[in-house]
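Please read all numbers here as calculations on a predicted model, not as lab measurements.
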Amino acid sequence: MTDDRTMTDNSEADDLSRTFAALADPTRRAILARLAEGEASVTELAEPFAMSLPAISKHLKVLERAGLITRGQHAQWRPCRLEAAPLGEATDWLVRYRKFWDGRFDRLDEHLRRVQQKDTP
């Protein structure tokens with residue numbers, strides 16, 4: 001039997017997995033960068049890429065499943081828009097490890113200073 005904390009952690013991990021999997025592709029990152037400027041249609045999002053609209057739609061579905069975009073509907077226009085919350089969750093997860101890396105870099109800096117002092121006549 002699992003407790004609530006395990007279920008929450010697993011759910012968070014699944015969300016993070018979807019976010020990072022979506023961000024792993026450069027086309028999807030470029031789409032998100034474009035959407036950071038404002039809403040856009042699928043056709044507008046496809047313009048800079050040498051790929052078909054169905055291929056772009058597949059990328060959009062991955063982003064949508066990860067919660068990184070939503071698609072609205074205004075008459076015939078279905079604009080896509082950026083949803084930043086999953087990016088914030090990914091950032092929060094990465095920040096947990098920043099202290100670890102900062103500590104390692106601080107120790108490396110100190111080691112390099114000692115080595116340079118020994119080499120200085």
Side-chain angles (χ1 to χ4, degrees):
M1 188 160 160
T2 60
D3 63 19
D4 289 337
R5 182 171 175 251
T6 303
M7 290 175 65
T8 301
D9 291 347
N10 288 338
S11 175
E12 265 183 45
D14 290 345
D15 291 344
L16 280 172
S17 293
R18 281 189 290 277
T19 298
F20 285 125
L23 294 173
D25 185 273
T27 300
R28 291 192 287 267
R29 290 192 305 270
I31 289 170
L32 290 176
R34 167 53 186 88
L35 291 175
E37 298 171 8
E39 293 182 350
S41 69
V42 174
T43 305
E44 291 169 329
L45 292 171
E47 284 175 3
F49 303 104
M51 63 178 66
S52 66
L53 283 177
I56 291 294
S57 289
K58 285 182 183 181
H59 284 294
L60 293 175
K61 285 178 186 172
V62 171
L63 292 168
E64 198 169 18
R65 277 194 302 271
L68 292 165
I69 68 166
T70 56
R71 295 192 214 196
Q73 185 155 1
H74 300 297
Q76 297 298 322
W77 191 52
R78 292 200 61 199
C80 297
R81 71 183 59 86
L82 177 67
E83 295 295 334
L87 294 173
E89 292 165 11
T91 299
D92 292 345
W93 185 85
L94 289 168
V95 164
R96 294 179 202 164
Y97 296 94
R98 182 177 181 157
K99 289 179 187 176
F100 170 78
W101 287 109
D102 285 347
R104 290 221 168 199
F105 289 132
D106 290 345
R107 288 192 297 279
L108 178 60
D109 285 343
E110 182 58 35
H111 173 73
L112 292 173
R113 271 190 229 110
R114 284 192 305 263
V115 169
Q116 287 174 341
Q117 287 173 352
K118 286 180 183 177
D119 291 342
T120 304

### Message
Minimum heavy-atom separation for E83 and T70, please, with both atom names.
### Response
OE2-OG1, 2.9 Å
### Query
Are L16 and Y97 connected, step by step, through hydrophobic side chains (Ile, Leu, Val, Met, Phe, Trp, Tyr) whose heavy atoms are closer than 4.5 Å?
yes
### Distance-minimising heavy-atom pair for L60 and C80
CD1-SG, 4.1 Å
### Query
Would V62 and R28 satisfy side-chain contact (heavy atoms from CB on, under 4.5 Å), going step by step from the backbone distance to the final call?
CA-CA 8 Å; V62 171; R28 291 192 287 267; 3.6 Å; yes
### Task
Inspect the surroundings of CZ in R114 and state if more than 12 heavy atoms from other residues, nucleotides or ligands are less than 6.0 Å away.
yes
### Task
Could you go through the side-chain contact (heavy atoms from CB on, under 4.5 Å) check for W101 and L94 one step at a time?
CA-CA 11 Å; W101 287 109; L94 289 168; over 6 Å; no
### Message
Does I69 form a side-chain contact (heavy atoms from CB on, under 4.5 Å) with L32? I'd like the steps, not just the answer.
### Response
CA-CA 8 Å; I69 68 166; L32 290 176; 3.8 Å; yes
### Task
Find the distance between OG1 (T43) and CD1 (I56) and round it off to the nearest 0.5 Å.
10.0 Å
### Query
What closest approach, in Å, do R34 and A40 show between heavy atoms, and which atom pair accounts for it?
NH2-CB, 3.4 Å
#### Entry: R65 to R18 - nearest heavy-atom pair and separation
O-CD, 3.7 Å
### Message
I'd like to know whether E110 forms a salt bridge (charged side-chain N to carboxylate O under 4.0 Å, His left out) with R107, so could you lay out the CA-CA distance, the side-chain angles of the two residues, the decisive distance to 0.1 Å, and finally the verdict.
### Response
CA-CA 5 Å; E110 182 58 35; R107 288 192 297 279; over 6 Å; no
### Query
Do V42 and R78 have side chains that get closer than 4.5 Å, going by heavy atoms?
no
### Task
Report the distance from atom CG of L112 to atom CG of L108, rounding to the nearest 0.5 Å.
4.5 Å
### Message
Please find the pair of heavy atoms, one from P86 and one from A66, that lie closest to each other, and give the distance.
### Response
CG-O, 3.7 Å
### Query
How close do A36 and L82 get, heavy atom to heavy atom, and via which atoms?
CA-CD2, 3.9 Å
### Query
Is K61 salt-bridged to E64, going by a charged N under 4.0 Å from an acidic O?
no
### Task
Kindly indicate, with the supporting measurements, whether the criterion side-chain contact (heavy atoms from CB on, under 4.5 Å) is fulfilled by L45 and H59.
CA-CA 11 Å; L45 292 171; H59 284 294; over 6 Å; no
### Query
Would you find a donor on one side and an acceptor on the other, under 3.5 Å apart, between the side chain of R29 and the backbone of L23?
yes
